[in-house]
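Working notes for the structure below.
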Amino acid sequence: MKVLVINCSPVRNGATAEIARIVTSCLCAKNEVKNISIDDYKFDFCKGCRSCHNTAKCIIQDDDIVNIMEEFEWAEKIISVSPSYWADIPGQFKAFIDRCTPWCNTHDPHSTISLGKKGYCIALRTGPSVGECNKIIESINHFYGHLEIDKSGSLGLCSIENKMDVYDRVVEIEEFCKMIDKSIFNPS
């Protein structure tokens with residue numbers, strides 16, 4: 001299987017990146033895995049012009065959005081790992097989602113990625129309440145739905161203040177990866 005793991009945080013070496021590294025390590029034995037960070041890409045904010053609703057293309061053409069979408073096209077399974085920034089996904093990841101409007105099924109015409117992909121989420125937060133993790137998962141699953149990616153599983157990890165806190169949760173992460181490994185890719 002082709003698996004894309006996305007660090008949705010602008011921090012390349014923090015707790016979110018460590019979880020993405022663990023997931024990559026767990027899945028690479030049976031899969032071809034790519035691990036990317038949203039912060040490795042340069043792109044502008046959506047202008048809200050809605051041109052893509054008529055053309056299925058963004059008016060902004062000279063940045064990395066298409067490169068990220070090529071990674072989505074390549075993958076059969078996509079795992080988004082996101083921390084909580086004020087009870088939701090980080091702004092950088094939200095800016096990426098906004099720019100994916102040309103690929104979303106909210107209007108016709110729209111660009112598409114191949115059907116049958118499976119999407120997974122891992123949300124982490126510093127506090128003890130899982131509600132904030134659920135909000136992050138809801139945001140990512142909403143995005144997956146508009147790309148017609150099957151929402152296939154999620155994991156919420158609370159009380160993750162820093163990278164060291166991740167090591168107490170490795171078993172949970174590994175169990176989640178086993179579930180991902182067992183799920184069947186079903187191209188339509």
Any non-hydrogen side-chain atom of [X] less than 4.5 Å from a side-chain atom of [Y]?
| X | Y | value |
| --- | --- | --- |
| Leu4 | Ile6 | yes |
| Phe176 | Arg169 | no |
| Phe143 | Cys100 | yes |

If we ignore angles and hydrogens, is there a donor and acceptor under 3.5 Å between the side chains of [X] and [Y]?
| X | Y | result |
| --- | --- | --- |
| Glu73 | Ser114 | yes |
| Ser152 | Tyr144 | no |
| Asp181 | Asn31 | yes |

Subject >> Worked check of salt bridge (Lys or Arg N to Asp or Glu O under 4.0 Å) between Glu71 and Lys34 >> reply: CA-CA 9 Å; Glu71 300 290 3; Lys34 289 184 183 180; 2.9 Å; yes
Output side-chain donor-acceptor pairs under 3.5 Å for residues 40-52, partner residues at least two apart or in another chain, one line each.
residue: Asp40; atom: OD1; partner: Arg12; partner atom: NE; Å: 3.4
residue: Asp40; atom: OD1; partner: Arg12; partner atom: NH1; Å: 3.4

**OP:** Determine whether more than 12 heavy atoms belonging to other residues, nucleotides or ligands lie under 6.0 Å from atom NE2 of His107.
**Re:** yes
For residues 84-96, which side-chain donor-acceptor pairs fall under 3.5 Å, sequence neighbours excluded?
residue: Ser84; atom: OG; partner: Ala87; partner atom: N; Å: 3.2
residue: Ser84; atom: OG; partner: Glu132; partner atom: OE2; Å: 2.3
residue: Asp88; atom: OD1; partner: Ser139; partner atom: OG; Å: 2.8
residue: Asp88; atom: OD2; partner: Lys135; partner atom: NZ; Å: 3.2
residue: Asp88; atom: OD2; partner: Ser139; partner atom: OG; Å: 3.4
residue: Lys94; atom: NZ; partner: Asp98; partner atom: OD1; Å: 2.4
residue: Lys94; atom: NZ; partner: Asp98; partner atom: OD2; Å: 3.2

Original post:
Is there a path from Tyr120 to Ile36 through hydrophobic residues (I, L, V, M, F, W, Y) whose side chains come within less than 4.5 Å of each other?
Top reply: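 Different clusters: Tyr120 never reaches Ile36 through Ile, Leu, Val, Met, Phe, Trp or Tyr contacts under 4.5 Å.
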Original post:
Is Asn7 reaching over with its side chain to a backbone N or O of Val11, donor-acceptor style, under 3.5 angstrom?
Top reply: yes
